[in-house]
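First comes the structure, then the notes that go with it.
Side chains are part of it too, since the values below use all heavy atoms of this structure and drop only hydrogens, waters and symmetry mates.
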Amino acid sequence: MLFNSFAFLLFFPVVCVIYFLLPTVKWRNYFLLAASYYFYMNWEPVYALLLLTSTAITYAAAIMLDKSTQRRKLILTAGIVLNLAILFFFKYYNFAAENITALLDYFHLDIPIPNLSVLLPVGISFYIFQALGYMIDVYRGDIRPEKNFFTYALFVSFFPQLVAGPIERSTNLLKQFYRDHKFEADRAITGVTLMLWGYFLKLVIADRCALYVDSVYNNLPHHSGGSILLASILFCFQLYGDFAGYSYIAIGASNVMGFKLMDNFRRPYFFSESVQEFWKRNHISLTSWFMDYIYYPLVGSSTRLLWWCLAIFITFFISGFWHGAAWTYVLCFSIFGFYLVVCSLKDKWQRRFEKRHGLKKKEWWLWLNRFVTFLLVTFALIYFRANNLGDAFFASTKILTNGATMPFSNMVLLYCLIGIALLFAVEFVIEYRKVRISEENMLKVYTLSSAALLVLILHLGVFSGSQFIYFQF
């Protein structure tokens, strides 16, 4: 497999050098398209056919939507159904077959449904959702259809964010492929710093935390409630470091070449004062996708709070299925949906309570809200990490009933805490940054930051870690 934590460091510089050596925007786009497909085919060559099929369907549907005036809903529906059929077959068929078989067995009906031996294409949910978003934008009139198939294919397959996001919008990324991006040293330094920050999150935070988390969650009966609680807390940072790390690598790599991708994380774990704010800061590209294309269409023009709450729950229930063919994901995001419903129902009461007692501007109240939010997120993510529902129920029950003793003698934990402390320090400075820095000094800051990050990665990083978690989605 081409892409692990290090191979991108070899692949990207070569692509970047060739990209800036090419004389015209057209040839640069052709080269990026070829590089993107080569990048994707290094997992399995057949994956490229699926990527090309989804691209061709949405490209043709968008062209027909622009020309048609009477059958636009039918064209849109056909494009959505065909793409979701691809997604269902490769990601959900066996899951559906197993659950239908179990249901038939419950009613003593012997109707065998065969399982299929198919590989789950890496990042299939990401590029299909990006392509569907483009097609819906054309239907709504937010963007004109892209007539050049190769340019559109590059939008769907753009290699930095192809397999794990951010899920880009056509209104942002597509038009950037027509710009003549010149190499700029300042921009390159900024991009490299972002990439190194991504590798820090992955190698120092995520893969270091994974050593403890995996040892606990893969052997739950032999661990105390305190150990499971600590592993659950560390998993929050593992997941954040793993996914935010990839996002920063993708954003930084794109930035070096002159492309601006959307922010995907804004310090969600330390500074979210509610679950609502957590999802405004966490996995922003996916959250905004679900809000724009599922939640708001469900709500429509309704002003009923209960309907809004139901729409929120449905949106997060669907998000659970997007994350994977397992009931653990569905239950995890159903819990988040429940949290958000409760937040919506108590929102007015909480604002009146805070105003009456003057709590909104008190630091201790803000940090209490952040702590409670973190605990709620940690509980929900137990179901995200657990190997199955039985393990999830066992873990959550044992945390509540088996004491809170935590082992701190393990050196792995010490390195985890060092990494998390560094993460908090950086994010605290960014969150409360009040000092204005000139562009000249900012360049110095990025240069020094890059050097410091490189040293930290080499000294604290885990260089035998697994691939990125979100590749499986």
Inset, instruction - Decide yes or no on side-chain contact (heavy atoms from CB on, under 4.5 Å) for Asn264 and Ile167, but give the supporting numbers first. - result: CA-CA 9 Å; Asn264 213 16; Ile167 301 174; over 6 Å; no
What is the minimum heavy-atom distance between [X] and [Y], and which atoms define it?
X      : Y      : answer
Ala231 : Val213 : O-CG2, 3.4 Å
Ser288 : Ser285 : OG-O, 3.1 Å
Ala380 : Cys332 : O-SG, 3.3 Å
Ile382 : Ala392 : CG2-O, 3.9 Å
Asp66  : Pro145 : CB-CG, 3.4 Å
Met257 : Pro160 : CE-CG, 4.4 Å

Legend entry - The single option from Tyr246, Phe424, Tyr269 passing ring pair (Phe, Tyr, Trp, His ring centres under 6.0 Å) against Tyr240: Tyr269
Inset, instruction - Starting from the C-alpha separation in whole Å, work towards a yes-or-no answer on side-chain contact (heavy atoms from CB on, under 4.5 Å) for Tyr152 and Phe177. - result: CA-CA 9 Å; Tyr152 173 67; Phe177 294 120; over 6 Å; no
Legend entry - Derivation of the side-chain hydrogen bond (donor to acceptor under 3.5 Å, both in side chains) call for Tyr217 and Ser232: CA-CA 9 Å; Tyr217 267 90; Ser232 302; 2.6 Å; yes
Using side-chain heavy atoms (C-beta onward) and a distance below 4.5 Å, is [X] in contact with [Y]?
X      : Y      : answer
Ile249 : Leu194 : no
Ile128 : Leu50  : no
Ser344 : Trp308 : no
Thr193 : Trp197 : no
Asp207 : Leu211 : no

Looking at the rings of [X] and [Y], which for Trp means the six-membered one, are their centres under 6.0 Å apart?
X      : Y      : value
Phe338 : Phe316 : no
Phe290 : Phe129 : yes
Phe158 : Tyr37  : no
Phe374 : Trp367 : no
Phe270 : Phe428 : no
Phe159 : Phe11  : yes
Phe183 : Tyr19  : no
Tyr329 : Tyr383 : no

Output the distance between atom [atom1] ([X]) and atom [atom2] ([Y]), rounded to the nearest 0.5 Å.
X      : Y      : atom1 : atom2 : answer
Thr58  : Gln130 : OG1   : CD    : 10.0 Å
Leu154 : Thr55  : CG    : OG1   : 10.5 Å
Ser157 : Leu51  : OG    : CG    : 5.5 Å
Gln70  : Ile75  : CD    : CD1   : 10.5 Å
Ile205 : Phe200 : CD1   : CZ    : 4.5 Å
Leu74  : Leu65  : CG    : CG    : 10.0 Å

Inset, instruction - Report the C-alpha distance between Arg281 and Glu431 in whole Å, list the side-chain angles of each, state the deciding distance to 0.1 Å, and finish with yes or no for salt bridge (charged side-chain N to carboxylate O under 4.0 Å, His left out). - result: CA-CA 12 Å; Arg281 290 172 173 264; Glu431 184 74 15; 2.9 Å; yes
May I ask you to decide if [Y]'s main-chain N or O and [X]'s side chain share a donor-acceptor pair within less than 3.5 Å?
X      : Y      : value
Gln161 : Pro166 : yes
Arg72  : Tyr139 : yes
His283 : Trp279 : no
Lys175 : Thr171 : yes
Tyr47  : Gly123 : no

Sidechain N-carboxylate O distance under 4.0 Å for [X], [Y]:
X      : Y      : answer
Arg266 : Glu277 : no
Arg169 : Asp142 : no
Asp214 : Arg385 : yes
Arg28  : Asp180 : yes
Lys202 : Asp242 : yes

Inset, instruction - May I ask you to decide if the ring planes of Tyr134 and Phe155 are parallel, tilted or perpendicular, using 30° and 60° as cut-offs? - result: tilted
Inset, instruction - Describe, in one word, how the ring planes of Tyr30 and Trp27 are oriented to each other, choosing from parallel (under 30°), tilted (30 to 60°) and perpendicular (over 60°). - result: perpendicular
Taking atom types as modelled, find out whether [X] and [Y] have a side-chain donor-acceptor pair closer than 3.5 angstrom.
X      : Y      : value
Tyr178 : Asn148 : no
Ser274 : Tyr339 : no
Asn99  : Trp327 : yes
Ser254 : Lys260 : no

Legend entry - Neighbour count above 12 (heavy atom, 6.0 Å) for Arg140 CZ: yes
Legend entry - side-chain hydrogen bond (donor to acceptor under 3.5 Å, both in side chains) evaluation trace for Lys91 with Ser125: CA-CA 9 Å; Lys91 191 170 183 177; Ser125 296; 2.6 Å; yes
Inset, instruction - Step by step, work out the side-chain hydrogen bond (donor to acceptor under 3.5 Å, both in side chains) result for Asn94 and Glu98. - result: CA-CA 6 Å; Asn94 286 338; Glu98 291 169 5; 5.9 Å; no
Legend entry - Working for side-chain contact (heavy atoms from CB on, under 4.5 Å), residues Ser272 and Lys280: CA-CA 9 Å; Ser272 297; Lys280 290 178 182 177; over 6 Å; no
Legend entry - Candidate pair Val138 and Ile63, rule side-chain contact (heavy atoms from CB on, under 4.5 Å), full reasoning: CA-CA 9 Å; Val138 172; Ile63 296 295; over 6 Å; no
Legend entry - ring pair (Phe, Tyr, Trp, His ring centres under 6.0 Å) assessment of Phe265 paired with Phe243: CA-CA 9 Å; Phe265 292 88; Phe243 191 28; 5.3 Å; yes
Legend entry - Trp322/Phe333 under ring pair (Phe, Tyr, Trp, His ring centres under 6.0 Å): CA gap, chis, key distance, verdict: CA-CA 10 Å; Trp322 179 89; Phe333 282 86; 8.5 Å; no
